[in-house]
Amino acid sequence: MSIVAGMDDDSIATPGAPAPEATGHRPVLLHPLIESLQPRPGLTYIDGTLGAGGYVAAFLERLRPGGRILAIDRDPAAVASARRRFRADAGTVIVEHGDFADMASIAAAHNVTAVDGVVLDLGISSLQLDDPARGFSFRFDGPLDMRMDGNSDVPASDLVQQWSQADLTALIRTYGEERFAPSIAAAIVRRRSEEPITTTAQLREIVERTIPRRFWPKRIHPATRTFQALRIEVNHELASLTLGLQAAIRILRPGGRLGVVSFHSLEDTIVKNALHVSAQNCLCPPQQTHCTCAHRASLLLLSRKAIKADAAELASNPRARSARLRVAEKLDDVR
Ligand SMILES: C[S@@+](CC[C@H](N)C(=O)[O-])C[C@H]1O[C@@H](n2cnc3c(N)ncnc32)[C@H](O)[C@@H]1O
């Protein structure tokens, strides 16, 4: 989750940018992201995770005159909202509905084939999280939905109703990193034999009753991990991320930069590994004396370690605490 209410940090304020629609949401790690990706007049960027348009607004003013940003989101509501918000910027901001895994074809449709930068700010926005009807949050009662794109994927309630206990256990353990996964899955299966599980409140209650209070995590709600697991599966987030990273690396021009903000360890591990592999000249086993893999580095890592929010951002925005930014640059001699 990366955008939060409260616009009190002006250090990276966007000159003359329109106020975000309806709320004062602010993106996480915007300052280091702008510093790393260096948007300038005439350059072309892709924002694969448009969300509330916070990054797009910040890029927009820096790209004029002559630059462009293609903004993509799987969520039709985010797309509709951004089309309204950036109506007057049609020459600079192109808004498209889609999965960032498909960014190459989406970009090609706009004659964009080599870009100066790609940004991915993973997960969901607070516009999605704070809307009870979307079913992302245990904080509100609503349908157990969790689809970013309600037109294509299946809702979380289908998984909860239909998956076997073994599959639910594996899902909650793997994508939620939840040690109580077996008991939560068993409790789900028990409850659904009595009544359909269709709401966020039902799932929250099942998890709360299953995890003994003395094991409740200190900093997060006990249902956080179970909700995260379902959301990742419903939106096939990790597969999209893997494909999106490959697409992003391919579409960058030499010298172009990729910036990825992740919010949990599963995402960050995929990002870290993908960037590290792309930054290596050979992937042969270390004991092999000469290279047979022909793998050549396509990226230079600009941040060996992930960039985190500084004290000022953390003070004004506690939700930035789990955000990690990784940045890399496309190398020259890549075919
Ligand atoms: C954390 S928010 C982005 C916030 C944005 N940076 C801002 O400044 O307002 C993530 C957004 O990415 C979208 N999203 C997540 N995975 C996606 C994917 N695979 N393809 C396209 N959009 C995706 C979500 O629907 C959500 O709107």
Side-chain angles (χ1 to χ4, degrees), residues 1-5 7 9 12-14 17-34 37 39 45-60 69-82 85-86 93 95-107 117-131 134-136 145-153 228 231-248 259-264 266-267 270-271 313 317 319-320 322-325:
M1 225 300 319
S2 84
I3 50 180
V4 297
M7 235 167 145
D9 175 7
I12 199 75
T14 302
E21 201 176 73
T23 58
H25 287 205
R26 187 186 57 194
V28 155
L29 292 174
L30 179 58
H31 200 298
L33 183 81
I34 293 282
L37 268 69
Y45 286 80
I46 295 178
D47 180 347
T49 50
L50 158 70
Y55 284 178
V56 172
F59 274 71
L60 165 62
I69 181 159
L70 169 61
I72 301 168
D73 205 293
R74 296 184 64 192
D75 186 339
V79 168
S81 167
R85 178 176 174 190
F86 297 112
V93 180
V95 177
E96 280 294 348
H97 177 247
D99 190 318
F100 58 58
D102 304 320
M103 76 172 78
S105 55
I106 297 171
V118 176
V119 53
L120 300 176
D121 179 16
L122 303 172
I124 52 172
S125 73
S126 48
L127 298 183
Q128 295 163 319
L129 192 68
D130 294 344
D131 180 353
R134 304 297 299 270
F136 284 108
D145 190 312
M146 302 196 190
R147 288 173 294 180
M148 292 182 198
D149 185 350
N151 297 328
S152 62
D153 302 312
Q228 171 184 301
R231 196 199 81 202
I232 290 175
E233 175 63 29
V234 163
N235 299 289
H236 36 90
E237 290 179 33
L238 303 184
S240 278
L241 176 56
T242 302
L243 293 172
L245 290 169
Q246 290 166 2
V260 188
V261 178
S262 59
F263 289 86
H264 54 76
L266 294 173
E267 287 172 346
I270 290 176
V271 177
E313 182 169 4
N317 176 9
R319 283 157 149 180
S322 51
R324 304 278 180 274
L325 167 64

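Atoms within each ligand, like the ligands themselves, are counted from 1 in listed order.
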When you measure from the side chain of [X] to the backbone N and O of [Y], does any donor-acceptor pair fall under 3.5 Å?
X: R85; Y: A52; answer: yes
X: R134; Y: M148; answer: yes
X: E237; Y: G123; answer: no
X: Q246; Y: L243; answer: no

State which residue, out of D153, D102, T49, fulfils the side chain to side chain donor-acceptor pair (under 3.5 Å) condition with R74. D153
Judged on heavy-atom distance to [atom], which of [options] sits nearest?
atom: atom 10 (C) of ligand 1; options: A78, G123, G51, S81; result: G123
atom: atom 17 (C) of ligand 1; options: Y55, F263, F100; result: F100
atom: atom 24 (C) of ligand 1; options: V28, D73, V261, D75; result: D73
atom: atom 12 (O) of ligand 1; options: L127, L29, T49; result: T49

Side chain or backbone, does M148 bring an N or O within less than 3.5 Å of an N or O on ligand 1? no
Polar-atom distance check: G54 versus ligand 1, any N or O pair below 3.5 Å?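 Yes: some nitrogen or oxygen of G54 is under 3.5 Å from one in ligand 1.
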Between [X] and ligand 1, find which residue part has any heavy-atom pair under 4.0 Å and reply side chain, backbone, both or neither.
X: I124; value: backbone
X: Q128; value: side chain
X: D47; value: neither

Output all residues satisfying side-chain hydrogen bond (donor to acceptor under 3.5 Å, both in side chains) with N235, sequence neighbours left out; order by chain, then residue number.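 Per chain and number, N235 pairs via side-chain hydrogen bond (donor to acceptor under 3.5 Å, both in side chains) with no residue.
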Got a sec, which residues hit side-chain contact (heavy atoms from CB on, under 4.5 Å) with E233, two or more places apart in sequence or on another chain? L159, W163, L171, Y175
Run the numbers on L245 and L120 for side-chain contact (heavy atoms from CB on, under 4.5 Å), then give the verdict. CA-CA 9 Å; L245 290 169; L120 300 176; 4.2 Å; yes
Ligand-side contact atoms (ligand 1) for residue partner [X], heavy atom cut-off under 4.0 Å:
X: S240; result: 19 (N)
X: G98; result: 20 (N), 21 (C)
X: P27; result: 8 (O)
X: L122; result: 1 (C)
X: S125; result: 2 (S)

Looking at ligand 1, would G48 count as a contact under a 4.0 Å heavy-atom criterion?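 Contact present.
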Does the side chain of F59 reach to within under 4.5 Å of the side chain of I34, using non-hydrogen atoms?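 In short, these two side chains touch, coming nearer than 4.5 Å.
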Validation row: R324, V271 side chains within 4.5 angstrom (heavy atoms):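 No. Closest side-chain heavy atoms not under 4.5 Å.
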